[in-house]
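Structure first, then comments.
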Amino acid sequence: MGGDPGAGALAGASEPPLMAAASRAALTPRQRFVARSIIASTQRVVDAALARRWQRLPALLAERRSLLAQLHALREDAGEVCCFEALRAAVSESDRLVDGMIRCAMRDRRG
């Protein structure tokens with residue numbers, strides 16, 4: 001009965017998808033802490049963008065990239081590479097979007 005791949009997804013439905021995946025991947029407590037820190041950092045990025053606090057965003061993006069580098073350093077086996085690469089891709093896409101928002105906001109202020 002333990003072979004149902006969807007059972008874990010339902011059990012972790014109240015968690016953010018990253019943390020549900022982390023639970024299934026049996027990450028170490030330190031890896032889980034850093035992953036949660038990345039999620040919290042992402043929320044700070046969103047909050048600052050919504051509040052149009054453009055000057056704060058570069059530091060928040062740098063903080064999130066630093067946390068991602070920490071998580072990369074904590075990888076222990078090849079099975080974690082897929083989860084890490086998905087998170088890295090999401091952070092990179094988010095960074096590109098936020099950088100574009102900052103450029104537009106600065107251009108609007110000037111013109």
Side-chain angles (χ1 to χ4, degrees):
M1 214 162 162
D4 179 9
L10 291 176
S14 64
E15 291 183 283
L18 175 64
M19 294 319 303
S23 297
R24 288 190 302 277
L27 298 179
T28 67
R30 179 70 182 149
Q31 289 170 319
R32 244 185 236 95
F33 174 80
V34 174
R36 284 188 175 108
S37 296
I38 292 169
I39 292 168
S41 179
T42 298
Q43 186 59 55
R44 287 189 295 277
V45 168
V46 169
D47 291 345
L50 290 175
R52 298 177 186 221
R53 293 188 343 237
W54 310 118
Q55 70 284 356
R56 181 150 163 64
L57 283 165
L60 292 172
L61 294 175
E63 172 192 49
R64 188 171 60 171
R65 284 190 294 268
S66 174
L67 289 165
L68 189 63
Q70 288 178 41
L71 187 60
H72 181 268
L74 292 170
R75 289 181 312 156
E76 293 183 349
D77 62 43
E80 297 167 357
V81 171
C82 182
C83 288
F84 174 78
E85 288 303 319
L87 179 59
R88 184 196 56 75
V91 167
S92 294
E93 180 64 23
S94 171
D95 283 358
R96 282 191 295 277
L97 176 67
V98 172
D99 285 340
M101 292 170 68
I102 293 169
R103 282 194 304 277
C104 285
M106 294 301 125
R107 186 177 60 231
D108 289 348
R109 282 185 177 172
R110 290 182 206 137

Point to revise | Side-chain heavy atoms of Arg107 within contact of Arg103, under 4.5 Å | key: no
Point to revise | Nearest-0.5 Å distance, CG of residue Asp95 to CG of residue Leu68 | key: 9.0 Å
Check your understanding: Just by distance, do the side chain of Ser41 and the backbone of Ser37 share a donor-acceptor pair under 3.5 Å?
Key -> no
**Study point:** Within one Ile-Leu-Val-Met-Phe-Trp-Tyr cluster: Leu97 and Leu57, side-chain cutoff 4.5 Å
**Key:** yes
Point to revise | Greater than 12 external heavy atoms within 6.0 Å of Arg52's CZ | key: no
**Study point:** Asp99: partners by side chain to side chain donor-acceptor pair (under 3.5 Å), with sequence neighbours left out
**Key:** none
Review point. What residues form a side chain to side chain donor-acceptor pair (under 3.5 Å) with Ser92, not counting sequence neighbours?
Key: none
Revision key, fill the gap. Arg44 meets the salt bridge (charged side-chain N to carboxylate O under 4.0 Å, His left out) criterion, sequence neighbours left out, with Glu63
Revision key, fill the gap. Taken in chain and number order and not counting sequence neighbours, the residues that satisfy side-chain contact (heavy atoms from CB on, under 4.5 Å) with Leu74 are Arg30, Gln31, Val34
Practice item. Quick one: closest heavy-atom pair of Trp54 and Ala49, and the distance? Key: CH2-O, 3.8 Å
Point to revise | Arg88: partners by salt bridge (charged side-chain N to carboxylate O under 4.0 Å, His left out), with sequence neighbours left out | key: Glu85
Check your understanding: Are the side chain of Thr42 and the backbone N or O of Ile38 linked by a donor-acceptor pair below 3.5 Å?
Key -> yes
Study note, to complete from the structure: For Arg56, the salt bridge (charged side-chain N to carboxylate O under 4.0 Å, His left out) test, sequence neighbours excluded, returns none
Review point. For the hydrophobic clusters of this structure (ILVMFWY residues joined by side-chain heavy atoms under 4.5 Å, transitively), does one cluster hold both Val45 and Met106?
Key: yes
Practice item. For residues 81-106, pull every pair meeting ring pair (Phe, Tyr, Trp, His ring centres under 6.0 Å), keeping only residues two or more places apart or in separate chains. Key: His72-Phe84
Practice item. Using the rule that two of Ile, Leu, Val, Met, Phe, Trp, Tyr join whenever any of their side-chain heavy atoms come within less than 4.5 Å, decide whether Leu60 and Met101 are in one cluster. Key: yes
Check your understanding: Side chains of Arg64 and Ser94: closer than 4.5 Å at any heavy-atom pair?
Key -> yes
